[in-house]
A.B. asks: 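Right, I'll just put the structure down here and ask away after.
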Amino acid sequence: MGWVCQDLGMQIFRVGAVLAAVIMVSACQEPGKTVRVPVSTTVTAAPTTTEPADEQSLAAGKLAEGLRIAEVLALPTDIDPAYRRHGSSNVLTSARLMIVAGHHKAIAAVADEHGLLAGFVTERSTGGGAAADTDWLTHGVMRFPSAAAATTAATDFAAAATEERGMLQSGQWSAATLSASPATQLVLLEDRGRLSGMAFTPQDEFVVFTEVRAGGRPEIEQTITKALEHQRPLLDSFTPTPERELAKLPYDPDGIYDLSVGDNGSGRGAYRQHGALLFAEDQQAAIALYREVGVSAMAVKGTTVYRTADAAAAAKLAAGISTAIAAAWTKSVAPAPADVPGARCSADGSTHGNAWVCLVTGGRYVAEVWGSSQNETHAAAREQQRVLAAAK
């Protein structure tokens with residue numbers, strides 16, 4: 001492993017009582033690697049903004065449209081079950097695109113030039129083993145003002161990749177073709193002994209973005225083709241919000257966002273069942289579990305909060321999530337706060353920001369509370385339990 005850097009960007013918009021924020025965090029040790037930051041039980045004040053109210057509403061509406069796109073994003077483990085380890089999932093802005101495309105400013109500039117309206121992206125890896133042997137899949141969808149803009153953007157994304165290097169590149173992207181999809185703009189990169197493929201495929205007013213770091217070109221092409229097979233019908237089922245209506249789009253239609261405690265979670269937003277699956281540690285097991293327990297909404301502000309059908313369903317979901325986290329991150333049972341009924345905690349014996357996690361229930365709700373120590377995580381769990389106890 002090499003040195004670690006951190007690149008933070010934040011966009012914050014206040015919409016009524018909801019604070020909607022996009023936080024971009026990149027860790028240079030691995031593409032797509034997300035580091036959960038400790039949860040703070042104190043909400044920090046939002047910085048002031050000079051944007052007019054209508055511009056703030058439009059910006060927040062674009063974030064909300066990105067969350068809607070999450071509900072029709074192909075699941076990486078449907079594309080290939082080998083991508084089992086969740087890396088990150090986020091609204092896809094041009095700033096986020098720059099990061100997931102390898103800190104590539106020229107690619108981000110293309111998104112801005114062609115009027116990127118909204119998008120969502122998820123990253124997963126094969127997990128385990130040495131970093132050099134880990135494969136990564138990044139998959140997202142971007143929406144543009146028109147089909148013509150999307151088609152031109154796809155072409156220009158590929159051109160930008162080949163004409164300018166990203167900050168973390170040691171090699172050069174080169175243009176290629178994808179026989180299964182002639183409309184796809186494909187580029188390939190040999191970098192540090194590994195081959196990566198990055199594809200931009202226009203579909204109506206959307207661009208499907210798929211990046212694969214895997215063994216060789218046949219495997220990369222197979223994964224991209226599979227991604228398109230899953231993504232195309234999902235996009236066909238999606239009704240975009242008319243651009244003139246974006247400023248009116250609610251960020252939290254299910255009223256769950258404010259139940260999340262803290263303000264520094266990764267992948268902030270309000271989701272429904274399919275969007276929640278993008279974050280699941282055991283994604284394929286979660287498909288059946290979330291249906292069984294009736295997950296109808298999920299929110300991430302600091303903690304991650306799920307709404308289920310009833311208290312019995314919440315208890316079952318908490319048990320399933322706890323088991324999946326322990327398996328994915330090699331955590332063992334740890335002491336739970338005695339004054340938080342039903343809480344279950346696990347830890348891995350270290351002191352990093354994600355060393356501890358507690359599952360807390362309250363009525364039909366379940367929350368994941370992450371932290372770096374027992375004291376920090378227990379304190380946040382107590383605050384979360386108080387919030388859930390008052391929720392409807």
A.B. asks: For Tyr306 and Tyr365, I'd like to know if the aromatic rings sit close, meaning centre-to-centre distance below 6.0 Å.
C.D. replies: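 Tyr306 vs Tyr365: aromatic centres not under 6.0 Å.
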A.B. asks: Would a hydrophobic clustering, with Ile, Leu, Val, Met, Phe, Trp and Tyr connected at side-chain separations under 4.5 Å, put Val100 with Val91?
C.D. replies: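 No, separate clusters.
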A.B. asks: Do you know the tightest heavy-atom contact between Ile256 and Ala270?
C.D. replies: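 Taking Ile256 first and Ala270 second, the nearest heavy atoms are CG2-CB, 4.5 Å.
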A.B. asks: Kindly indicate whether a cation-pi arrangement holds for Arg194 with Trp136, taking the cut-offs as under 6.0 Å to the six-membered ring centre and within 45° of the axis.
C.D. replies: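 No.
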A.B. asks: I'd like to check Asp258 versus Lys301 (side-chain heavy atoms, cut-off strictly below 4.5 Å). Are they in contact?
C.D. replies: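 They are in side-chain contact.
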A.B. asks: Does Glu205 form a side chain to side chain donor-acceptor pair (under 3.5 Å) with Ser146? I'd like the steps, not just the answer.
C.D. replies: CA-CA 5 Å; Glu205 67 263 55; Ser146 67; over 6 Å; no
A.B. asks: Would you confirm whether Glu292, through its side chain, and Ala288, through its main-chain N or O, come within 3.5 Å as a donor-acceptor pair?
C.D. replies: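 The answer is no, because no donor-acceptor pair under 3.5 Å joins these two groups.
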A.B. asks: Between the side chain of Asp204 and the main-chain N/O of Phe206, is any donor-acceptor distance below 3.5 Å?
C.D. replies: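 Not at all, since once roles are kept as given, no pair shorter than 3.5 Å links the two residues.
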A.B. asks: Quick check against the 3.5 Å criterion: does Thr184 have a side-chain atom that pairs as donor or acceptor with the backbone of Ala199?
C.D. replies: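 Side chain of Thr184 to backbone of Ala199: no pair is present.
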A.B. asks: Would you check if the side chain of Ser125 reaches a backbone N or O of Gly127 as a donor-acceptor pair within less than 3.5 Å?
C.D. replies: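 Flag set: sc Ser125 to bb Gly127 pair under 3.5 Å.
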A.B. asks: So which atom in Pro337 and which in Arg382 form the shortest heavy-atom distance, rounded to 0.1 Å?
C.D. replies: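 Minimum heavy-atom contact is CB-NH2, 4.1 Å.
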A.B. asks: Would you mind checking if Lys331 and Asp348 are paired as a salt bridge, meaning a charged N to carboxylate O distance below 4.0 Å?
C.D. replies: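 Counted as a salt bridge, because a side-chain N and a carboxylate O are separated by less than 4.0 Å.
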A.B. asks: With a 4.5 Å limit on heavy-atom distance, are the side chains of Lys105 and Met167 in contact?
C.D. replies: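 They are not in contact (no side-chain heavy atoms under 4.5 Å apart), so the answer is no.
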A.B. asks: Hey, does the side chain of Thr151 reach the backbone of Ala148 with a donor-acceptor pair shorter than 3.5 angstrom?
C.D. replies: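 Not at all, since once roles are kept as given, no pair shorter than 3.5 Å links the two residues.
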A.B. asks: Compute the centroid of each ring, for His139 and then for Phe209, and state whether the two points are separated by less than 6.0 Å.
C.D. replies: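 Not under 6.0 Å, so no.
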A.B. asks: Give the cluster check for Met198 versus Leu188: same hydrophobic cluster or not, with ILVMFWY residues linked at side-chain heavy-atom distances below 4.5 Å.
C.D. replies: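 Hydrophobic grouping puts Met198 apart from Leu188.
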A.B. asks: Could you check whether the rings of Phe157 and Phe200 sit parallel, tilted or perpendicular, using 30° and 60° as the cut-offs?
C.D. replies: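 Parallel.
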A.B. asks: Determine, step by step, whether Gln283 and Thr77 satisfy the side chain to side chain donor-acceptor pair (under 3.5 Å) criterion, reporting the C-alpha distance in whole Å, the side-chain angles of both residues, the deciding distance to 0.1 Å, and the verdict.
C.D. replies: CA-CA 7 Å; Gln283 196 169 66; Thr77 55; 2.6 Å; yes
A.B. asks: Do Phe279 and Tyr257 share a hydrophobic cluster, counting only Ile, Leu, Val, Met, Phe, Trp and Tyr and linking them when any side-chain heavy atoms are less than 4.5 Å apart?
C.D. replies: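 Looking at the clustering, Tyr257 is in the same group as Phe279.
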A.B. asks: Below 4.5 Å, heavy atoms only, C-beta onward: do Arg232 and Val208 meet side chain to side chain?
C.D. replies: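 In short, these two side chains do not touch, never coming nearer than 4.5 Å.
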A.B. asks: Are Val141 and Phe144 connected into the same hydrophobic cluster when the rule is that any two of I, L, V, M, F, W, Y join if their side-chain heavy atoms are below 4.5 Å apart?
C.D. replies: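 Not linked; separate clusters.
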A.B. asks: Is there side-chain contact between Val369 and Val261, with at least one heavy-atom pair below 4.5 Å?
C.D. replies: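 A side-chain contact is absent here, since even the closest heavy-atom pair is not under 4.5 Å.
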A.B. asks: Between Arg124 (side chain only) and Leu278 (backbone N and O only), is there a donor and an acceptor less than 3.5 Å apart?
C.D. replies: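 At least one qualifying donor-acceptor pair exists.
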A.B. asks: To the closest 0.5 Å, what do you measure between CG (Leu189) and CD (Gln172)?
C.D. replies: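 Rounded to the nearest 0.5 Å, the CG-CD separation comes out at 8.0 Å.
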A.B. asks: One pair to check against side chain to side chain contact (heavy atoms under 4.5 Å, CB included): Thr138 and Thr210. What are the steps and the verdict?
C.D. replies: CA-CA 6 Å; Thr138 302; Thr210 308; over 6 Å; no
A.B. asks: Given Asp254 and Arg272, is the salt bridge (charged side-chain N to carboxylate O under 4.0 Å, His left out) satisfied, shown in steps?
C.D. replies: CA-CA 9 Å; Asp254 299 305; Arg272 290 181 172 166; 2.8 Å; yes
A.B. asks: Would you say CD of Gln203 has more than 12 non-hydrogen atoms from neighbouring residues, nucleotides or ligands within 6.0 angstrom?
C.D. replies: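 Check passes, neighbour count above 12.
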A.B. asks: Given 3.5 Å as the limit, does a donor-acceptor pair link the side chain of Asn90 with the main chain of Gly267, or not?
C.D. replies: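 Yes; judged by distance alone, with no hydrogens or angles, the pair exists.
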A.B. asks: Does the side chain to side chain contact (heavy atoms under 4.5 Å, CB included) test come out yes or no for Thr225 and Leu178, once each step is laid out?
C.D. replies: CA-CA 8 Å; Thr225 300; Leu178 184 65; 3.8 Å; yes
A.B. asks: Test Ser94 against Asp112 for side chain to side chain donor-acceptor pair (under 3.5 Å), laying out the working first.
C.D. replies: CA-CA 7 Å; Ser94 60; Asp112 289 330; 2.9 Å; yes
A.B. asks: Can you measure from CG (Leu289) to CG (Leu277) and round to the nearest 0.5 angstrom?
C.D. replies: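 CG of Leu277 is found 9.5 Å from CG of Leu289.
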A.B. asks: Could you pull out the closest heavy-atom pair between Gln385 and Thr361, with the gap in Å?
C.D. replies: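 Smallest interatomic distance, heavy atoms only, reads CG-O, 4.3 Å.
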A.B. asks: In sequence, state the C-alpha distance, the side-chain angles, and the governing distance for Tyr83 and Val212, and then conclude on side chain to side chain contact (heavy atoms under 4.5 Å, CB included).
C.D. replies: CA-CA 11 Å; Tyr83 293 100; Val212 184; 3.7 Å; yes
A.B. asks: Looking at Thr126, is its backbone amide N or carbonyl O close enough to the side chain of Thr134 to form a donor-acceptor pair, meaning the two atoms are under 3.5 Å apart?
C.D. replies: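 Not at all, since once roles are kept as given, no pair shorter than 3.5 Å links the two residues.
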A.B. asks: In Å and rounded to the nearest 0.5 Å, what is the CD to OG distance from Glu190 to Ser196?
C.D. replies: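 The CD atom of Glu190 sits 8.5 Å away from the OG atom of Ser196.
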A.B. asks: Does any N or O in the side chain of Thr162 come within less than 3.5 Å of the main-chain N or O of Ala159, such that one atom is a donor and the other an acceptor?
C.D. replies: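 Looks like yes, one N/O pair under 3.5 Å.
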A.B. asks: Run the salt-bridge test on Arg68 and Glu71 with the 4.0 Å N-O cut-off and return the result as yes or no.
C.D. replies: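 Looking at Arg68 and Glu71, the cut-off is not met.
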A.B. asks: Taking side chain as C-beta onward, heavy atoms only, is Val295 less than 4.5 Å from Arg307?
C.D. replies: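 Of all side-chain heavy-atom pairs linking Arg307 with Val295, none is under 4.5 Å.
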A.B. asks: Looking only at non-hydrogen atoms, find the nearest pair between Gly171 and Arg165 and report the distance.
C.D. replies: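 Scanning both residues, the minimum pair turns out to be O-NE, 3.3 Å.
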A.B. asks: Side chain to side chain donor-acceptor pair (under 3.5 Å), that's the test. Do Trp329 and Glu281 meet it? Break it down for me.
C.D. replies: CA-CA 9 Å; Trp329 298 103; Glu281 297 296 351; 3.1 Å; yes
A.B. asks: Do Val333 and Ser346 make a side-chain contact, defined as non-hydrogen atoms from C-beta onward lying under 4.5 Å apart?
C.D. replies: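 Not touching, per the 4.5 Å side-chain cut-off.
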A.B. asks: What is the minimum heavy-atom distance between Thr308 and Ala314, and which atoms define it?
C.D. replies: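 Shortest heavy-atom contact: OG1-N, 3.3 Å.
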A.B. asks: Under the 3.5 angstrom rule, does the side chain of Ser322 hit a backbone N or O of Ala318 as a donor-acceptor pair?
C.D. replies: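 Answer holds: no.
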A.B. asks: Answer yes or no: is there a side-chain heavy-atom contact under 4.5 Å between Val207 and Thr201?
C.D. replies: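 In short, these two side chains do not touch, never coming nearer than 4.5 Å.
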A.B. asks: Distance from Leu92 atom CG to Leu97 atom CG, nearest 0.5 Å?
C.D. replies: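 The CG atom of Leu97 is 5.5 Å from CG of Leu92, to the nearest 0.5 Å.
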A.B. asks: Is there a path of hydrophobic side-chain contacts, each under 4.5 Å between heavy atoms, that joins Ile79 and Ile220?
C.D. replies: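 Cluster IDs for Ile79 and Ile220 match.
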A.B. asks: To the nearest 0.5 angstrom, please state how far the NZ atom of Lys62 sits from the CZ atom of Arg143.
C.D. replies: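 So the NZ of Lys62 and the CZ of Arg143 are separated by 10.0 Å.
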A.B. asks: Where do Ser237 and Val72 land on the side chain to side chain contact (heavy atoms under 4.5 Å, CB included) test, with the steps shown first?
C.D. replies: CA-CA 8 Å; Ser237 72; Val72 293; 4.2 Å; yes
A.B. asks: Before accepting this row, confirm whether a basic side-chain N of the pair Asp78/Lys226 lies closer than 4.0 Å to the acidic partner's carboxylate O.
C.D. replies: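 Looking at Asp78 and Lys226, the cut-off is not met.
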A.B. asks: Could you verify whether a donor N or O on one side chain and an acceptor N or O on the other, from Glu376 and Ser372, lie under 3.5 Å apart?
C.D. replies: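 Checked: Glu376/Ser372 side chains pair up, N/O donor to acceptor below 3.5 Å.
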A.B. asks: Quick test of your reading of the model: are Arg96 and Glu123 salt-bridged, counting only N-O distances below 4.0 Å?
C.D. replies: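 Looking at Glu123 together with Arg96, the answer is yes, because their closest N to O distance falls below 4.0 Å.
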A.B. asks: To check you understand the geometry: which heavy-atom pair defines the closest contact between Gly66 and Ala118, and what is its length?
C.D. replies: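 Looking at all heavy atoms of both residues, the closest pair is N-CB, 3.7 Å.
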A.B. asks: Calculate, to the nearest 0.5 Å, the distance between atoms CD and CG belonging to Gln284 and Leu75 respectively.
C.D. replies: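 Reported value, rounded in 0.5 Å steps: 7.0 Å.
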A.B. asks: So do Val366 and Leu388 actually touch side chain to side chain, heavy atoms under 4.5 Å?
C.D. replies: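 No - every pair of side-chain heavy atoms lies 4.5 Å or more apart.
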